[in-house]
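Below is one structure, written out as structure tokens, with a few remarks after it.
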Amino acid sequence: MTNETLTKLMGEVSNGAIRVVDLTISLDENTPVIGLPEEFEQSPAFKLEQISQFDDKGPAWYWNRFSCGEHTGTHFDAPGHWVTGKDYADGCTDTIPPEKLIGAANVIDVSAESAENPDYLLTSDKLKNWEADHGKIEPGTWVLMRTDWSKRGPEDFLNYAEDGPHTPGPSVECMEFLTTERDILGFGVETVGTDAGQAFAFEPAFPAHTLMHGNNKFGLASLTKLDQLPPKGAVIVAAPLKITHGSGSPLRVIALTP
Ligand code: 23J
Ligand code: MN
């Protein structure tokens, strides 16, 4: 049995009418990870250790073991990552329904605002203005915040100061709007985490985590190449590793775009 839509889709992927864009950064020991206030346990860096490489340990095969925190590099935040989302029966990496791992993307370009102000906060007003140009943000779709932060060097990417990191993210009221009035699938960013660098001091703290996951919605962090997506019309595939009771995982995020 064949399906016309799927046949057409694959035809257009192979003839280039639909482009495949990899929104993922590379994983190695230098991949930036989030730093938390020093009283908390820190995320380990990504680590790769060789098992064998065509040698006594394995004459015809090369392979490695790897280790990292679940929230390393381009990664998925499951609802179960946060205390507000801990009780969802379908909120961990192994229980999320697979239909929710593919979704349409709304890409909000705030790269100019973020270049001017590293503490820039996305607001519901900005989203409503975007909707006036591109149409409503539909339920069950991704909202991706384009800041061009992925184009920065490692130092400027994390952008630490004495009073903590200074990186853009969503405001509290923006997260309230997207969870309650738009019922989105999740919120994705180019920064190291879905929340702004200074969001530890917001009320509530870490609103992207608190409100998105509290409403059984997802996060995507450390995305790249959002500048290659249209404001509307791309579809993304974001499927975390099926870690039993996992809170998230590094993943490959693939966009299909006109
Ligand atoms: C753990 C604690 C606080 C935060 C995070 C992780 C993340 O941003 C994350 O990667 O989910 S804010
Ligand atoms: Mn995370």
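The model shown is predicted, which means the values in this text are computed figures rather than measured ones. Counting starts at 1 for both ligands and their atoms, following the listed order.
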Atom pairs, nitrogen or oxygen, ligand 1 to protein, under 3.5 angstrom:
unit_1   : atom_1 : unit_2 : atom_2 : d
ligand 1 : 8 (O)  : His209 : NE2    : 3.2
ligand 1 : 10 (O) : His71  : ND1    : 3.4
ligand 1 : 10 (O) : His75  : NE2    : 3.1
ligand 1 : 11 (O) : His71  : ND1    : 3.3
ligand 1 : 11 (O) : Asp77  : OD1    : 3.4
ligand 1 : 11 (O) : Asp77  : OD2    : 3.3
ligand 1 : 11 (O) : His81  : NE2    : 2.7
ligand 1 : 11 (O) : His209 : NE2    : 2.8

Taking the hydrophobic residues Ile, Leu, Val, Met, Phe, Trp and Tyr, and joining any pair whose side-chain heavy atoms are under 4.5 Å apart, which ones share a cluster with Trp149? Ile34, Leu36, Phe40, Phe157, Leu158, Tyr160, Val192

With Met145, the side-chain contact (heavy atoms from CB on, under 4.5 Å) member among Val110, Val107, Asn106, Thr191: Val110

Member of His213, His71, Glu70 meeting the side chain to side chain donor-acceptor pair (under 3.5 Å) criterion with His81: His71

What residue among Ile254, Leu9, Ile102 forms side-chain contact (heavy atoms from CB on, under 4.5 Å) with Val235? Ile102

In this structure, CG of Leu251 is separated from CG of Leu27 (nearest 0.5 Å) by 10.0 Å

Quick check for you: to the nearest 0.5 Å, what is the distance between Asp77 atom CG and Leu220 atom CG? 7.5 Å

Could you tell me whether Asp148 and Arg146 make a salt bridge, using a distance below 4.0 angstrom between a side-chain N and a carboxylate O? yes

Metal environment of the Mn ion (ligand 2), protein N/O/S under 2.8 Å: His71 ND1, His75 NE2, Asp77 OD1

Please name all residues satisfying side-chain contact (heavy atoms from CB on, under 4.5 Å) with Thr210, sequence neighbours left out, ordered by chain then number. Trp82, Thr84, Pro204, Phe206

Salt bridge between Lys225 and Asp22, side-chain N to carboxylate O under 4.0 Å? no

